[in-house]
Amino acid sequence: MTDLAGPVGGRAKSSFINDPKVRSIGLQLIALVVVVFLGWSFTENARDNLAAQKIATGFGFLDNTAGFGINQTLIPYSETSTYGRAFVVGLLNTLLVAVVGIILATIIGFLVGIGRLSKNFVVRTISTVYVEVLRNLPPLFQILFWYLAVLSAMPGPRNSISLFGEVFISNRGIIIPRPLFGDGAGIVVWAIGLAIFLAILFRHWAASRQEETGRYLPVLRINLGLLIGLPLLAMIVTGFPITFEVPELKGFNFVGGIQVIPEFVALTVALATYTAAFIAENVRSGIQSVSHGQTEAAHSLGLRHAQTLRLVIIPQAMRVIIPPLTSQYLNLTKNSSLAVGIGYPDLVAVFAGTALNQTGQAIEIIAITMGVYLLLSIITATVMNAYNKRVALVER
Amino acid sequence: MKRLLSTFALAGAMGLSAFSAQAATKLEQVKSKGFVQCGVSQGLPGFSNPNDKGEWSGLDVEFCRAVAAAIFGDPTKVKFTPLSAKDRFTALQSGDIDILSRNTTWTITRDTSLGLNFTGVTYYDGQGFMIRKDKKVNSALELSGASVCTQTGTTTEQNLADYFRANNMTYEVIAFATNDEVVKAYDAGRCDVLTTDRSGLAGERLKLTNPDDHIVLPEIISKEPLGPVVAHGDDQWFDIVKWVLYAQLIAEELGVDSKNVDEQQKTAINPEIKRLLGTEGKYGEGMGIGNDWGYLIIKHVGNYGEMYDRTVGPDTPLKLSRGLNALWNKGGIQYGMPVR
Ligand SMILES: N[C@@H](CCC(=O)N[C@@H](CS)C(=O)NCC(=O)O)C(=O)O
């Protein structure tokens, strides 16, 4: 539109209806009115029809008591909570799988992608087989495999595999000790926060110092010391306020501790390994898109192989890797709805499953659920686009 | 996916169809397409399950055949749509199916706010628990702390929550979308207990690796009246489906079955039998179907008792005695309204 504005301004006066700019805005306004009107009459009509058939409508149900249990809740929830709260519980469970899955998939994907270009035959072959096998099996199949195969190989809770008597693995999942925060625990948490903050600060400082003076500092080692040392110091000073509640077998199951349910493990592992196969391919093609001259130039500057990869190749490859990476992240998030297959209580299972069935408000619940996935996609895409802008090649 | 499609169909139908325009009646639609579209389960032995020949069989399936017999005089004029618990109501609301006959519990929410009507009760049931014998549990009250597998979108989920809460017990629920997954997870030891309708337990037990390693606990924790469902808005269709079951119950009460029905039609002197079989009066007319509707149902499918014995009764693998489902004059509560 702005392109058109130029020549128009210079043209001789004519009726403003013929002004392309005015016209285009006018037409768009008309289109908008038509769309809004159609949407409105569709909704009104649907409401009348649903009312005539006595099908309940509206969003009032969100305040009603849900009356069903959920076996993984990141926020307090009970059978007496509302459908609205059940929605949040389901959403958080979806986000948990998405976030943990994305982190794992990225790590595995980068390792395998780099591995595919390795000079080492074994590493290269393993990476290739990994990609070809995992990429070509349907994700639901992989989820069911992880769930049923691994589950049936696990012993029951009474014979669970115990790691140091603290962590227990059985077909009820992985039970880990639960941290209990006593007096002074706040100080330790603050110390952890402070350590992270200082570590980031130090990295920046070291980087700019290196740029100015060329002197190199072992940032990783110093930061690691910082991240472990400071919280440890705080623990000692406050007299170890954080204790752990060790799970204990009572009756059917373990009592106490935190239960990582097998549905979560199966879903996250399956989605992460599956998505990693695609990410590996993106990483490989990204690295291959960086011209070989860059490697030669880096080597001739005296950089070692790992340094070349980390400092020269990967940063340039990122420009090619990120756009398809975004769609892999979106895929993983959307695929997490395959959770219903193994009974993981995600948004689709809890809200578009149980809640929908109990209330029968299909249209409202499906609309909310689709809205949520849309929103998640938009947020992911926005964040990734912003990151992409940062690493994009600045043409000079 | 199916649920998404039927939700779109529902939204589309509701949004686009002119408000309260009088479309063809359900009966006209069914007659013109030539079959009844019947929603059943994805596989519950005894109720709706494909047999070794790949044909649908079971109590819920036979009921749909009876409806087809009443309308077409041909029990094979039915097409079946397998539905998971959570997809079933949307399929009915959107008009994808004409009848839902899928061990569905009659509850006030479903009857009054989903736009549906229950036409009767084909099986009076209640919820129970199944557990491995080697857990050495004899009562549901010993289940505190147990992991329980169940299916999403069922009354089972809520009854479970109520029961444990009322008895001050804790539990972990793992809810799966399909029955198959429930059975597999229970078999793999993911949960200690499997819960559903007791008739469902009898059916699902047959799918386990070693059915004899499991027992059903004595407690019945809910009322589960299971019956066929139709959509609101077509009273004639509602009447037809309702009276098919009554006809089967009355036939049993009067001693009319598929073997003697031809004989009875010719020789019966009991006026109620004559009315049921269409030799006296015009009782099909009010429903828009043939007056021999009762005869056709009994001839092709049989009375309620026959249907019961063939599908879930003591001589079937499910081995369910009549119990509450015996006729009202035989100690049960099944009761057909008079044909008059
Ligand atoms: N009667 C209950 C439960 C019905 C139900 O779906 N039961 C399960 C467990 S027995 C079932 O029939 N599954 C068979 C299938 O999904 O195909 C209800 O109406 O909510």
From the list Pro262(A), Ala339(A), Ala367(A), the residue making the most non-hydrogen contacts under 4.5 Å with chain B is Pro262(A)
Pick whichever of Asn159(B), Thr152(B), Asp162(B), Val148(B) has the most heavy-atom pairs under 4.5 Å with chain A. Thr152(B)
Cut-off 4.5 Å, heavy atoms of chain A, and the answer for Cys149(B) is neither
Quick one: of Arg165(B), Lys135(B), Arg190(B), Gln158(B), who has the most non-hydrogen atom pairs under 4.5 Å with chain A? Arg190(B)
Given heavy-atom pairs under 4.5 angstrom as the criterion, report whether the side chain, backbone, both or neither of Ala146(B) touches chain A. both
Quick one: does Pro76(A)'s side chain get under 4.5 Å of Arg85(A)'s, heavy atoms only? yes
Among Gln72(A), Gln259(A), Arg158(A), Gln361(A), the residue with the most heavy-atom pairs under 4.5 Å to chain B is Gln259(A)
Ring centres of His214(B) and Tyr186(B) under 6.0 Å apart? yes
Ring of Phe254(A), cation from Lys250(A) - is the NZ or CZ under 6.0 Å from the centre and inside 45° of the axis? no
Which atoms of Thr112(B) come close to chain A, meaning under 4.5 Å heavy atom to heavy atom: side chain ones, backbone ones, both, or neither? backbone
Please assess Leu267(A) against Glu263(A) for the test side chain to side chain contact (heavy atoms under 4.5 Å, CB included), listing each intermediate value before the final yes or no. CA-CA 6 Å; Leu267(A) 185 67; Glu263(A) 292 76 26; over 6 Å; no
Passing option when Val230(B) is tested against Asp98(B), Asp235(B), Asn117(B) for side chain to side chain contact (heavy atoms under 4.5 Å, CB included): Asn117(B)
Report the option among Met154(A), Arg172(A), Glu79(A) that has the most heavy-atom pairs separated by less than 4.5 Å from atoms of chain B. Arg172(A)
Taking atom CD1 of Ile75(A) as the centre, does the number of heavy atoms from other residues, nucleotides or ligands within less than 6.0 Å exceed 12? yes
Is it true that atom CZ of Phe141(A) has more than 12 heavy atoms of other residues, nucleotides or ligands lying nearer than 6.0 Å? no
Given that the side chain runs from C-beta out, which part of Ser78(A) has a heavy atom under 4.5 Å from chain B: side chain, backbone, both or neither? neither
Among Gly156(A), Gly251(A), Gly341(A), which residue forms the greatest number of heavy-atom pairs with chain B at distances under 4.5 Å? Gly341(A)
Quick one: are the ring centres of Phe351(A) and Tyr83(A) less than 6.0 Å apart? no
Using a cut-off of under 4.5 Å for heavy-atom pairs, which of Gly145(B), Ala185(B), Ser84(B) has the most such pairs with chain A? Gly145(B)
Distance alone, cut at 3.5 Å: any donor-acceptor contact between the side chains of Thr354(A) and Asn357(A)? no
Could you look at Ser144(B) and say if it's the side chain, the backbone, both or neither that has a heavy atom under 4.5 Å from chain A? backbone
Between Ala175(B), Ser113(B), Ala188(B), the one whose heavy-atom pairs under 4.5 Å with chain A are most numerous: Ser113(B)
Between Ile365(A) and chain B, with a heavy-atom cut-off of 4.5 Å, which part of the residue counts as in contact: side chain, backbone, both or neither? neither
Which answer fits Tyr147(A), side chain, backbone, both or neither, if we ask what part of it has an atom under 4.5 Å from a heavy atom of chain B? side chain
Which bit of Thr178(B) is near chain A, if near means a heavy-atom gap under 4.5 Å: side chain, backbone, both or neither? neither
So for Leu148(A), is it side chain, backbone, both, or neither that comes closer than 4.5 Å to the heavy atoms of chain B? side chain
Honestly, the part of Ala362(A) sitting under 4.5 Å from a heavy atom of chain B is both
Residue Lys133(B) excluded, over 12 heavy atoms near NZ under 6.0 Å: yes
Please evaluate residues Thr196(B) and Gln151(B) with respect to the criterion side-chain hydrogen bond (donor to acceptor under 3.5 Å, both in side chains), reporting the C-alpha separation (whole Å), side-chain torsions for both, the decisive distance (0.1 Å), and the verdict. CA-CA 8 Å; Thr196(B) 185; Gln151(B) 196 166 344; over 6 Å; no
Could you look at Leu143(B) and say if it's the side chain, the backbone, both or neither that has a heavy atom under 4.5 Å from chain A? both
If you count the non-hydrogen atoms of other residues, nucleotides and ligands that lie under 6.0 Å from NZ in Lys223(B), is the total more than 12? no
Chain A heavy atoms under 4.5 Å from Glu142(B): which part of the residue, side chain, backbone, both or neither? backbone
Segment of Ala355(A) engaging chain B (4.5 angstrom heavy-atom cut-off): neither
Determine the interplanar angle of the Trp40(A) and Phe37(A) rings, folded into 0 to 90°, and report it as parallel if under 30°, tilted if 30 to 60°, perpendicular if over 60°. tilted
Quick check on Phe164(B) against chain A: is it the side chain, the backbone, both or neither that has a heavy atom closer than 4.5 Å? neither
Interface moiety of Val137(B) toward chain A, non-hydrogen atoms closer than 4.5 Å: side chain
Has Trp106(B) got more than 12 heavy atoms of other residues, nucleotides or ligands less than 6.0 Å from its CH2? yes
